[in-house]
Structures are given as structure tokens and as C-alpha cells.
Amino acid sequence: MGGNRQHKEAHGIVYLLPKKMSELNIAKRKEKCENCTNQCNKRQSDESAIPNLEKEETNGKGNEGSQLLLSACLSCDGCLSEEDSLRISQQNLEEVERVLELNKRCDASKHKLLVASVCPQSLPFFAVRFGLDIYEATQKLCGFLKGLGVAFVFDTTLAAGFSILETQKEFIQRYHRKHHDSQALPMFTSSCPGWIRYSERVLGSLVTPHICTARSPQQIMGCLVKDFFSKQQKLSPEKVYHLVVAPCFDKKLEAVREEFYSSLMETRDVDCVLTSKEIYHLMEKRKVSVEELNSVPLDQVLGESGQAMLARHDGRGSEGFLEHVFKHAAKELFGVDVQEITYRTLRNRDFQEVTLERDGEMLLQFAAVYGFRNIQTLVHRMRKGRVPYQLVEVLSCPGGCLSGRGQTESETAGRIDKALVQQMEEVYSSLPVRLPELNPILKTLYLDWLQGQDSAQANKLLHTEYRNQSHTQPPHMQW
Ligand code: SF4
Ligand code: SF4
């Protein structure tokens with residue numbers, strides 16, 4: 001393993017950089033980044049480029065240059081500062097193995113309680129790889145993690161429930177102030193860190209005030225583990241090491257954001273994010289066979305007895321923020337009960353619209369916009385003041401979270417394994433749907449942990465702030 005490492009010195013500290021997936025990808029991605037930046041600068045110098053681009057896209061006949069620009073953007077880490085890159089490079093298997101190793105030593109002062117939270121979008125990956133149904137695969141994954149020395153394994157659906165409820169609430173508030181606040185609507189969802197990075201660093205104040213302030217499922221899970229769960233365990237937060245298993249690399253970037261670090265406690269809400277594939281590689285490295293793994297049920301945050309029930313939220317595999325907010329808003333604002341949502345495909349499967357009409361009047365108009373090519377179109381319309389939507393669910397991966405590159409990118413060509421995505425979609429849809437409003441655990445946690453649904457504590461722990469950081473881009477990266 002030592003031969004796989006490089007040393008890097010910054011601020012007088014020598015960091016060990018693992019020669020692993022993230023590093024290999026950075027080399028590959030830098031190349032893409034230059035492509036993107038060159039293409040981008042060329043286009044920015046030509047004012048007429050934007051309308052042309054939209055026209056070309058609308059016709060579905062983008063030329064080669066525009067395709068390169070649109071599809072390459074944000075698939076690299078070129079926008080990262082040196083510090084971000086260093087923090088992310090520390091989120092790797094070696095770091096987790098180091099913590100596990102310290103737990104085996106006699107010095108108890110260095111011991112940490114390991115807690116793993118698995119995103120529901122990662123579970124279908126393991127089901128397909130193991131050749132098992134999602135329930136059995138989850139228990140095998142849990143058995144593997146516990147065999148490593150992880151003490152508790154949760155899934156992040158509970159945290160996603162908080163995120164959905166807070167997003168619904170914020171949408172209603174924004175809707176009511178739309179006449180005196182020009183930035184209230186459209187509201188953009190905030191669960192995708194790839195989209196957030198692009199908004200903050202490239203789009204800036206055009207978009208940031210419109211982003212919903214609800215924390216993402218990952219970061220609410222971080223709070224739940226480091227604030228609520230650590231207290232339950234009678235441990236201070238820095239004595240808990242929180243690992244998240246996620247479908248994409250972008251979640252690593254989210255975990256290292258400043259606001260999710262407590263300088264007082266010297267701890268992060270999420271200490272390390274590993275992608276589904278990184279976990280799978282660890283299994284391969286340790287020559288683990290699925291048959292030999294113990295089947296262990298997931299743990300429950302409240303410590304309830306019985307097995308944690310696997311369930312999903314509505315939608316195509318990305319927690320269904322659009323669907324939940326749409327149904328909630330239809331009922332809350334117009335007294336309409338929406339049972340089934342019908343998507344209308346506009347440009348492609350990743351740019352769809354949902355509407356609610358009554359007597360010829362458009363009451364609600366929402367859109368799901370996935371992938372950077374579609375996001376670019378949305379942004380061009382935003383610049384022209386031509387976005388008719390009140391809410392847009394934005395995700396940077398075409399196809400949504402099941403297509404995250406941390407589980408679907410083929411190793412040789414760097415392409416998305418579409419057959420795998422299709423299998424995962426089938427597996428994911430086999431899970432029962434559960435409404436967060438009906439989840440009694442969320443109700444209990446709102447009361448016991450957050451002192452009520454509209455409390456200052458709920459606002460502090462379940463929300464965050466997104467800022468215009470476009471001015472912090474180095475000049476060669478400015479768009
Ligand atoms: S915009 Fe940033 S992330 Fe996207 S390709 Fe360019 S440098 Fe990379
Ligand atoms: S859309 Fe992609 S980048 Fe965004 S959270 Fe989902 S998997 Fe990650």
C-alpha cells in the first residue's frame with residue numbers, strides 16, 4: 001500500500017495522498033477541465049453564443065464544441081481550491097482503515113465509535129453486484145461493515161425525510177412571499193452537491209438566493225449522528241467517526257464544507273464519504289465472498305427494537321423532492337389532493353415538467369432538470385427571465401442519483417454503465433414507498449431532538465446557507 005502513496009506538503013504539514021480512485025480521476029479530470037475552460041472562455045467572448053447554444057440544444061442538434069462544453073462541465077475537480085483538494089484526498093479507504101486500526105490498539109484515548117450511514121441509492125448497486133434482492137444485499141453489506149469494526153449501520157432515508165419536510169415548508173413560505181420578494185421563486189432543490197458547487201462557484205448570485213436552504217439528506221444525517229446519536233451514546237461528537245456510503249464523489253466535497261465543521265469540537269458532521277465502488281473495492285481487496293458474509297439487519301437511530309424497515313421515497317431514485325413538494329403544495333395552497341403525478345417530457349427524459357391546472361388556470365408548474373446539459377438550458381432561460389417554474393428539482397447526474405459516478409462509471413472508458421443503471425432502477429423501485437409525514441420516528445425526533453417542527457433548533461440543524469463564491473474562482477477559471 002505504501003508504494004501507492006505520494007507526499008504533498010502544504011502549510012508545513014506533510015499529507016499522504018492515496019493513489020486511489022479520486023487521485024486517478026483528478027488527473028483525468030484536469031484534462032477535461034482545461035477542455036471545458038477553453039471552450040467556455042471562447043464562448044464567453046462571444047455574446048451571441050448563449051442564444052445560439054439554446055437554439056441548437058432545443059433542436060437537439062448541438063455542434064461538437066457545445067457538446068463538449070456542456071457535457072464536460074463539473075465532471076472534473078478543477079474548481080476546487082488546494083485546501084478542498086487536500087481535505088477530499090483524505091476521504092479514502094486508508095483513512096477509515098487507520099481509524100479501525102487505532103481502535104484495536106491499547107490507547108483508549110484514540111478510540112472512536114464507528115458509525116456508517118448508507119444512502120438508499122447505493123443499496124441497489126450492492127444488490128446487483130451481489131446478485132441478491134435489495135433486502136438481503138443490505139444485510140450482507142451491513143454484515144461486512146460490522147465485520148470491519150463499524151458499530152452501527154444506518155440508512156439515510158430518515159434524514160432524507162427531514163430534508164423533504166423542510167423543503168416542503170420552505171416552498172410554502174417562499175410561495176407566500178413571491179409578490180414582494182423577486183428571489184423567492186423559482187426555488188431550486190439543494191440535495192445535490194454537484195449542482196450546489198456549480199451554483200456557488202460558477203453561477204453565483206443569479207441562482208444562490210433561489211436555492212432551498214434545507215440541508216441535504218447526507219448533512220442532516222451528519223447532524224443526527226453527531227448531535228443526537230452521540231448524546232444517546234454518552235459520547236462527545238469527536239469520539240464518533242461518521243462514515244457515509246454514497247453513490248457519487250461530489251458528496252465528499254459536501255462533507256468538507258466549512259459550515260459542517262465544528263472548530264470547538266474539532267469534528268465534522270460527516271468524517272468520511274466513500275463511494276459504493278470504493279466499498280466494493282475494499283471487499284475485493286479483502287477477498288470477501290458474499291456467501292460467507294453474515295446477514296445483519298440495519299440499526300435504528302432511536303434504538304427501537306425490531307428490524308429497520310427499508311423503504312424509499314416517491315420519485316425516480318433521488319428521494320423525489322419534486323413529487324413530495326408538488327403534492328404538499330397542491331393540498332396546502334389549493335386544497336387539491338394529487339394521487340398520481342404525470343410527468344411531461346419536454347426536451348428529453350431528464351427535462352420534464354409537472355403541472356396542476358384548474359379551470360384553465362395554471363396553479364403549479366414544476367420541473368425536474370437532470371444533467372449539466374439540461375442545467376445549462378435552465379440557466380440560459382433564467383438569465384433571460386424566462387423560467388416559468390415555481391420549483392425545479394436539479395440534479396447534476398443525467399438520470400439522477402442512481403447514476404452517480406461513484407457506482408456507475410466503468411473503469412476503463414470512464415463511461416456510465418447504462419445496463420447497470422437500468423438494473424439498479426428496477427431494484428430501487430421494488431422498495432415500498434413511505435411518506436415522511438407518516439413516519440413516527442421523524443415525529444419523535446422533531447419533538448425530542450429539535451424541540452418542535454418550527455423551533456430555532458430545527459432551523460439551525462436542518463438548514464444551511466448557500467453563497468455566491470464566483471468571485472473566489474481563479475481568473476483562468478472565471479466564466
Ligand atoms: S467548470 Fe469547473 S468543474 Fe466544470 S469542467 Fe470547468 S473547471 Fe471543471
Ligand atoms: S445527482 Fe449525482 S452528483 Fe448529485 S447527489 Fe445525486 S449522485 Fe451525487
Side-chain angles (χ1 to χ4, degrees), residues 116-130 132-142 153-168 189-192 214-221 224 244-248 251 275-276 297-301 304 306-328 338-341 343 349-350 352 354 368 370 393 395 397 399-404 406-408 420-443 445:
S117 300
V118 186
C119 297
Q121 291 78 21
S122 288
L123 296 175
F125 169 84
F126 292 99
V128 176
R129 283 281 175 261
F130 295 169
L132 297 173
D133 70 35
I134 192 162
Y135 304 97
E136 287 176 272
T138 303
Q139 296 210 351
K140 290 285 186 182
L141 174 66
C142 191
V153 182
F154 303 123
D155 94 292
T156 63
T157 308
L158 186 69
F162 272 122
S163 190
I164 289 167
L165 293 178
E166 293 300 311
T167 302
Q168 290 180 172
T189 56
S190 55
S191 66
C192 170
R215 289 191 189 193
S216 71
Q218 168 174 296
Q219 292 310 133
I220 291 182
M221 196 67 208
L224 201 52
V244 166
V245 181
C248 64
K251 304 252 185 195
T275 65
S276 318
L298 289 172
D299 295 293
Q300 309 210 52
V301 174
E304 316 88 303
Q307 288 191 16
M309 192 186 90
L310 266 190
R312 68 179 174 93
H313 290 120
D314 256 330
R316 273 168 52 194
S318 309
E319 306 296 358
F321 282 85
L322 180 151
E323 301 208 6
H324 287 92
V325 180
F326 189 84
K327 287 179 182 170
H328 179 76
V338 176
Q339 299 301 330
E340 276 298 308
I341 296 223
Y343 283 93
R349 188 173 174 253
D350 283 330
Q352 297 189 317
V354 178
Y370 298 173
E393 180 182 270
L395 297 172
C397 292
C401 290
L402 288 173
S403 309
Q407 57 189 15
T408 55
L420 173 65
V421 174
Q422 202 180 346
Q423 283 173 289
M424 289 197 294
E425 282 175 351
E426 279 163 27
V427 169
Y428 187 80
S429 60
S430 70
L431 285 172
V433 172
R434 188 178 208 187
L435 277 179
E437 288 90 338
L438 302 181
N439 187 341
I441 303 173
L442 283 174
K443 282 191 185 147
L445 283 168

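Note that these values count all heavy atoms, side chains included, but never hydrogens, waters or copies made by symmetry.
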- Task: Only counting residues at least two apart or in another chain, list the ones meeting ring-ring contact (aromatic ring centres under 6.0 Å, His included) with F125.
- Result: Y280
- Item | ring-ring contact (aromatic ring centres under 6.0 Å, His included) involving F326 - partner list, sequence neighbours excluded |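 With sequence neighbours excluded, F326 shows a ring-ring contact (aromatic ring centres under 6.0 Å, His included) to F366, given in chain and number order.
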[X] and [Y]: which non-hydrogen atoms are nearest, and at how many Å?
X	Y	answer
C248	G404	CB-CA, 4.3 Å
F130	K140	CE1-CB, 3.9 Å
E393	T189	CA-OG1, 3.3 Å
A127	A137	CA-CB, 3.4 Å
P120	T157	CG-OG1, 3.6 Å
L402	T408	O-CG2, 3.4 Å

Check for a donor-acceptor pair, side chain of [X] on one end and backbone N or O of [Y] on the other, with a separation under 3.5 Å.
X	Y	answer
S318	C401	yes
S190	A214	yes
H328	H324	no
Q218	V244	no
D350	G399	yes
D155	V118	no
E323	I341	no

- Message: Going by the rule side chain to side chain donor-acceptor pair (under 3.5 Å), which residues pair with E319 if we only count those two or more places apart in sequence or in a different chain?
- Response: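 Partners of E319 by the side chain to side chain donor-acceptor pair (under 3.5 Å) criterion, ordered by chain and then number, come out as Q121, H313.
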- Item | Partner residues of S191 under the side chain to side chain contact (heavy atoms under 4.5 Å, CB included) criterion, sequence neighbours left out |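 For S191 the side chain to side chain contact (heavy atoms under 4.5 Å, CB included) partners, ignoring immediate neighbours, are P217, F321, L395.
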- Item | Qualifying salt bridge (charged side-chain N to carboxylate O under 4.0 Å, His left out) pairs, either residue in residues 119-130, two or more places apart | none
- Under 3.5 Å, is there a donor-acceptor pair between the Q352 and Y370 side chains? no
- Distance in Å, T156 OG1 paired with I220 CD1, rounded so as to fall on 0.5 Å steps: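 It comes to 10.5 Å.
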- Item | Flag side-chain contact, heavy atom, 4.5 Å: V245 against C119 | no
Return a table of donor-acceptor pairs under 3.5 angstrom between the side chains of residues 423-438 and protein atoms on other chains or two or more places apart.
| unit_1 | atom_1 | unit_2 | atom_2 | d |
| --- | --- | --- | --- | --- |
| S429 | OG | E425 | O | 3.2 |
| S429 | OG | E426 | O | 2.9 |
| S430 | OG | V427 | O | 2.5 |
| E437 | OE2 | Q168 | NE2 | 3.2 |

